[in-house]
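Since the structure comes first, as structure tokens, the remarks are kept for the end.
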Amino acid sequence: MLQPNPNLSDLVNDTAAGLADRLQVKANITAAAPGRVNLIGEHIDYCDGFVMPFAIDRYIVIAGRANGTRQARISSAISEEIVTLDLTQLQEVSEPKWTNYLRGVIRGFQDRGHQIPGFDAYILSSVPGGAGLSSSAALECATATFLEGLLDTVLDTKEKALLCQKAEHDFAHVPCGIMDQFASAFGKPNRLVLIDCQTGEPELVPFENPDFTVLISNTMVHHELSDGGYAIRRKHTEDGLAIIGKSSWRDVSTEDVESHWNSLGEPINRRACHVVGEISRTISAAAALAQNDFEALGPLMAASHDSLRNDFEVSCKELDILVEIARAIGRDGGVIGARMTGGGFGGSTVTLCESNKAAEIAAILSTEYQRATGITPQIFASRPSQGAHLVG
Ligand code: GLA
């Protein structure tokens, strides 16, 4: 069934209430940053490719206030504890784990010469965690935006996104590309964030047609492989590029992959196939959207999913089942296209569909997925939403 998105202003009020309750403080700085979904361009942000995510209508909110000390007292809805950070020290990786996203971002500000004043803060989220929707990028971008408010400064948006990406690399040890933090930082209502990952420049592409919407279906599974699997895929692409002998995947053609097929060897040759194909599909998708041709996205999304499943091997049974159900509903049932989204090994699918059939499609996805797996999925719709911002 289609789950409603919690209203951002309700979430903001609940965060302020949490702060008052847990830390007895009245908020005067509140930051919100969204998760993201990727329409197309998967596992190529670290290959100089193009990706086309957007900020979803699900947020992480941080509400707080300076406390006149050099300590941060932070709490969140996910645990009862109040964690204290000593801001006179450069932040390092520490426990509990969830604080590392904040520590990493604080460290980014410290490395830029900022003295962070003490503060109290409380965190609340409507971004499902572990669902491939970048709750970690949302937490990083919300923290960076909160610190901007606290320090009364504004970072260049690109610099802010890169600072957050570095926090993910150094403090969560995930060698991610730039997609998630860029989507959370640059997102705008009715706009996709088309990112040229070679130049690091985002372009806002209109997604205004109200006849189409995007369903996000969370499989509710997160396979163990995810931790090492991502880094191994990234390594495969780096090794592949070295064997082909080019300095960027943008200069690699299908013919280059074919002529190096044996020297690339298994499975790197198939990984290379995915990268080259996905870059070209994303360019085609952007060109189609520029013509307001939503229908063209269907086959491109289908080919993207098949390539991620067969050649890049980052899908899983549950993602394939959700995509198969959407395919069976088909164009007549209102589905334009469906594919896995994000890093994979579990997480969510993205289904582009007709807005007036979204509820019906969600009901079928939910019933059929439950029948096949015994798991109740979480399904919600989202149009492109506002990226990281200070509230009020
Ligand atoms: C994760 C990473 C991104 C990107 C996707 C796959 O979300 O954080 O940088 O590589 O996987 O497209």
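One-based numbering, in listed order, for ligands and for the atoms of each. FYI, the numbering just counts along the sequence from 1. Note that this is a predicted model, so its numbers are computed, not measured.
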Atom NZ of residue position Lys235 - does it have more than 12 heavy atoms of other residues, nucleotides or ligands inside 6.0 Å? no

Side-chain H-bond candidate by donor/acceptor type, Asn38 with Glu42, under 3.5 Å: yes

Verify same cluster id: Leu390, Leu155 (apolar side-chain graph, 4.5 Å): yes

For the residue pair Ser75 and Glu81, confirm or rule out a side-chain donor-acceptor distance under 3.5 Å. no

Pair Asp306-Arg327, salt bridge (charged side-chain N to carboxylate O under 4.0 Å, His left out): steps then yes or no: CA-CA 12 Å; Asp306 292 349; Arg327 283 182 184 174; 2.9 Å; yes

As an exercise, identify every atom of ligand 1 less than 4.0 angstrom from a heavy atom of Tyr230. 1 (C), 2 (C), 3 (C), 4 (C), 9 (O), 10 (O), 11 (O)

Atoms of ligand 1 close to Glu42 [distance to a heavy atom under 4.0 angstrom, numbered from 1]: 6 (C), 12 (O)

So, does Glu278 sit close enough to ligand 1 that a heavy atom of it is under 4.0 Å from the ligand? no

Going by the order shown, which atoms of ligand 1 are within less than 4.0 Å of some heavy atom of Met179? 4 (C), 5 (C), 12 (O)

Ser126 and Arg58: side chain donor to acceptor below 3.5 Å: no

Heavy atom of the protein closest to atom 8 (O) of ligand 1 (residue, atom name, distance): Asp180 OD2, 2.6 Å

To check your reading of the model: name the closest protein heavy atom to atom 3 (C) of ligand 1, its residue, and the distance in Å. Asp45 OD2, 3.4 Å

Enumerated ligand 1 atoms positioned under 4.0 Å from heavy atoms of Arg36: 7 (O)

I need the atoms of ligand 1 closer than 4.0 Å to a non-hydrogen atom of Tyr46, numbered in the order shown. 10 (O)

In ligand 1, which numbered atoms sit nearer than 4.0 Å to a non-hydrogen atom of Gly177? 9 (O)

Only one of Asn269, Ile268, Ile243, Ile244 passes side chain to side chain contact (heavy atoms under 4.5 Å, CB included) with Ser263; say which it is. Ile243

